[in-house]
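Presented below is the structure to which this report refers.
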Amino acid sequence: MIKGITWVRAARTAEEFETLESFFAAIGFEPGKGSAGEQFRTAPFLAPLGNLEFVSGKLSATPEILIEVTGLEAVHTVAENWAKKNSAAEGGQKVTAITETHWNSRLFTAEPVPGMMFGFWESENVHHGKPVAVEGDLSAANMRFGIVVSRWNAVITDRLLQGALDALLRSGAKKEAITVVRVPGSWEIPAAARLLAESKNVDAIVTLGVLLRGETAHYEAIYTEVSRGIGQSQQETGVPHAFGVLTCETLEQALDRAGLKMGNKGFEAALAAIEMAAVKKKIVTDTVTDMTASL
Ligand code: DLZ
């Protein structure tokens, strides 16, 4: 059974290797588990889908490696910003404008190091290559977000907030479209989230806090109320609320989930908020339009 495809490309120098690593990490690829020996090291990057495609006939200059993305504009902005920051590196760093292709898609190319060109593309057909499903894109352009973040254990919640802002801004949200509300502790999160949701000024809300079992009397009771309140606000207002309230035994565990060993749950919650705002738009607006059109 075929399991996957790995495309191996050797960097010509250690510097080129690091430049490629930096570019692919910036673009948002999930890093894989690399390996190293006495004379080599590898930096794998993972993608959820891959295919090998042979072409016969004439095809206008298409890069050998094509990376399909959602939210092409956001990816393009990231690539351009990366190229600006890394302009000191030799040659390369060329990022072209987005152009239409003759295969019903839009594409830009990036050449982080000379001679290695990658094409980033998005199909006009959102269901390209996928089973037909209503799915949210990870583009936050033209969306408004509320972030409710507690101050209790700010050493953790500030990192969650940074992670959430990073995800929203890198996905195309405008700074002015993000409202950050700070509350004293997790207990206060549901009430503030509810007020934000009822204000109708946001498309989705990210809730961020941390409850430490060791430090919190009636931990279970507080946790139950906080999660119930956030869920209830989501269900009764119809505004997606992403849940980024950590529940940990210790501060160390919380730190691991706020940017250390286990990623940043604020970043993940913000991505969920973007996706659910897009899903809502598709279900409420697009699906209704489709159904009306077919009547
Ligand atoms: C009081 C308290 C305690 C003991 N522990 C936590 C905690 O671990 N995480 C958290 O976010 N908040 C805690 N709080 C504060 C309450 O959430 C709340 O802010 C206060 O009880 C005031 O209503």
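The first residue of the sequence shown is numbered 1, and numbering continues consecutively from there. First listed ligand is number 1; within each ligand, the first listed atom is number 1.
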Please tell me if the side chains of [X] and [Y] come closer than 4.5 Å, counting only heavy atoms from C-beta onward.
X      : Y      : answer
Ile67  : Trp121 : no
Ile222 : Glu225 : no
Val245 : Ile189 : yes

Original post:
Charged N to carboxylate O below 4.0 Å: is that the case for Lys281 and Asp137?
Top reply: no
**OP:** Using a strict cut-off of less than 4.0 Å between a Lys/Arg side-chain nitrogen and an Asp/Glu carboxylate oxygen, indicate whether Arg194 and Glu236 qualify as a salt bridge.
**Re:** yes
Starting from [atom], what is the nearest protein heavy atom, named by residue and atom, and what distance separates them?
atom                    : result
atom 6 (C) of ligand 1  : Trp152 NE1, 3.0 Å
atom 8 (O) of ligand 1  : Thr216 OG1, 2.7 Å
atom 4 (C) of ligand 1  : Glu215 O, 3.3 Å
atom 20 (C) of ligand 1 : Glu188 OE2, 4.1 Å
atom 11 (O) of ligand 1 : Ser186 OG, 2.6 Å

Original post:
Under a 4.0 Å heavy-atom limit, does Val210 contact ligand 1 with its side chain, its backbone, both, or neither?
Top reply: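 Under 4.0 Å from ligand 1, Val210 contributes backbone atoms alone.
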Subject >> Numbered atoms and elements of ligand 1 in range of Leu212, under 4.0 angstrom, heavy atoms >> reply: 8 (O)
**OP:** May I ask you to list the atoms of ligand 1 that are less than 4.0 angstrom from any heavy atom of Trp187?
**Re:** 16 (C), 17 (O), 18 (C), 23 (O)
Original post:
Within a radius of less than 6.0 Å around CG of Asn142, do more than 12 heavy atoms belonging to other residues, nucleotides or ligands occur?
Top reply: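 Incorrect, the count does not exceed 12.
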**OP:** Return the orientation label for the Phe45 and Phe24 ring planes: parallel under 30°, perpendicular over 60°, tilted otherwise.
**Re:** tilted
Original post:
Can you check whether Gly185 has an N/O within less than 3.5 Å of an N/O in ligand 1?
Top reply: yes
